[in-house]
Amino acid sequence: MSDTPENSPADVSSTARCWALIPCAGSGSRAGLDHPKQYQSLAGRPMVLHTLAAFAAVRRISGILVVVAAGDSFFSIHKGDYRVADCGGATRAESVANGLNILREQGASGSDWVLVHDAARCLITPAQINLLMDACAADPVGGLLALPLADTLKCVLDARVMATLQRHDKWLAQTPQMFRIDLLRRALGHAGPEMTDESSAVESIGLQPLVVNGSAQNFKVTYPEDFALAQALLQGRSAGGDDSDNRWTTVGEGR
Ligand code: CTP
Ligand code: MG
């Protein structure tokens, strides 16, 4: 395959800006709450505000867009250094695609970068965001944080192990995932609404995203038992137990 314009090294421009897009329009059906999990209070504030604080602390991000479901009024009383669009879709991929259109309408260039990050990964740190940005800045495709698989991987049917898979080349995809805005719009349009991450969409158009080592702490709060673990880790950070890159607490400071 010949290089697409987006896949050409010539396209890598040092003047490109970088935006953050936070899909926040899910219902959290696996979490067992009576409200969307991203608004559950953890260590003193709603989960998504921890997520947003990490991005707000990365000064080279030009702006943050949060995508919520239509009629969601959470951010009318939680204002900060981010924009909110109530253009959430039926799937995560649709929410992301709609958010990318809003970024473009609001002045982002198609060759600007976007960091897409799950609202429900509230343990992301500025250091991990910076790590991904540094790794992808000169990359022709873009990339994602991911974690090498630690456990043995089984195929299971009706509670019976059918096979054991090789794990040496298996990684768990995390977010943020960083791609050029128009490349990602094209990829999502090609891949359809069921893709559960941006990398899958970009892979579907024949590209190979860069994998950058993430952290086990950057898990996605999904099941009921995840909340206690996330809260304990957040409390540990605010108590100073892990101060390596966690000296950010305020959403809404100017950048
Ligand atoms: N998300 C979204 N729009 C959707 C579905 C999900 O913006 N239609 C967001 C969620 O708010 C979350 C992120 O995508 O921050 C990752 O999705 P997931 O963890 O699956 O959250 P939910 O879809 O809300 O949870 P569940 O799958 O358990 O219903
Ligand atoms: Mg979901």
Side-chain angles (χ1 to χ4, degrees), residues 19-43 45-56 64-76 78 80 82-103 114-125 128-129 132 144-147 172-179 181 184-185 187-189 191-202 214-231 233-234 251:
W19 307 87
L21 175 58
I22 312 294
C24 186
S27 62
S29 57
R30 289 170 287 179
L33 302 172
D34 60 1
H35 54 270
K37 62 185 177 182
Q38 57 271 27
Y39 302 138
Q40 175 69 8
S41 182
L42 289 179
R45 61 178 162 174
M47 184 196 300
V48 65
L49 298 189
H50 292 285
T51 308
L52 290 168
F55 281 85
I64 302 170
L65 180 69
V66 188
V67 173
V68 301
D72 183 335
S73 59
F74 175 86
F75 286 101
S76 60
H78 293 94
Y82 39 77
R83 293 184 190 171
V84 179
D86 63 349
C87 60
T91 66
R92 181 185 179 283
E94 284 182 3
S95 297
V96 171
N98 293 345
L100 293 173
N101 291 340
I102 300 277
L103 281 177
V114 62
L115 291 156
V116 180
H117 182 76
D118 298 324
R121 285 185 200 270
C122 58
L123 287 144
I124 188 67
T125 66
Q128 288 160 22
I129 299 166
L132 182 69
L144 66 151
L145 291 182
L147 204 61
L172 297 168
Q174 302 184 335
T175 67
Q177 302 198 359
M178 177 169 162
F179 296 102
I181 291 178
L184 184 54
R185 292 170 80 210
L188 287 167
E194 301 305 329
M195 291 282 155
T196 52
D197 76 346
E198 290 60 54
S199 177
S200 310
V202 171
S215 159
Q217 291 195 5
N218 183 28
F219 64 90
K220 191 175 61 157
V221 176
T222 303
Y223 297 106
E225 63 267 31
D226 295 341
F227 291 90
L229 179 57
Q231 171 147 284
L233 289 166
L234 289 166
V251 182

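Hydrogens, waters and symmetry mates are skipped; everything else that's a heavy atom, side chains included, is used. Both counts, for ligands and for their atoms, begin at 1 and track the order of listing.
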Looking only at side chains, do N218 and S215 share a donor and an acceptor under 3.5 Å apart?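 Absent: no donor and acceptor within the cut-off.
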Sidechain-backbone polar pair: [X] side chain, [Y] backbone, donor-acceptor under 3.5 Å:
X	Y	result
Q38	C24	yes
N101	N98	no
D197	S200	yes

Residues lining ligand 1 [heavy-atom distance under 4.0 Å, listed by chain and residue number]: P23, C24, A25, G26, S27, G28, S29, R30, K37, Q38, G89, A90, T91, R92, S95, D118, A119, A120, K220
Among L188, V96, T91, side chain to side chain contact (heavy atoms under 4.5 Å, CB included) partner for P193: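 Per the side chain to side chain contact (heavy atoms under 4.5 Å, CB included) rule, the option paired with P193 is T91, out of L188, V96, T91.
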Give me the ring orientation class for H117 and F55: parallel if the planes are under 30° apart, tilted from 30 to 60°, perpendicular past 60°.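 Tilted, since the angle between the ring planes falls between 30° and 60°.
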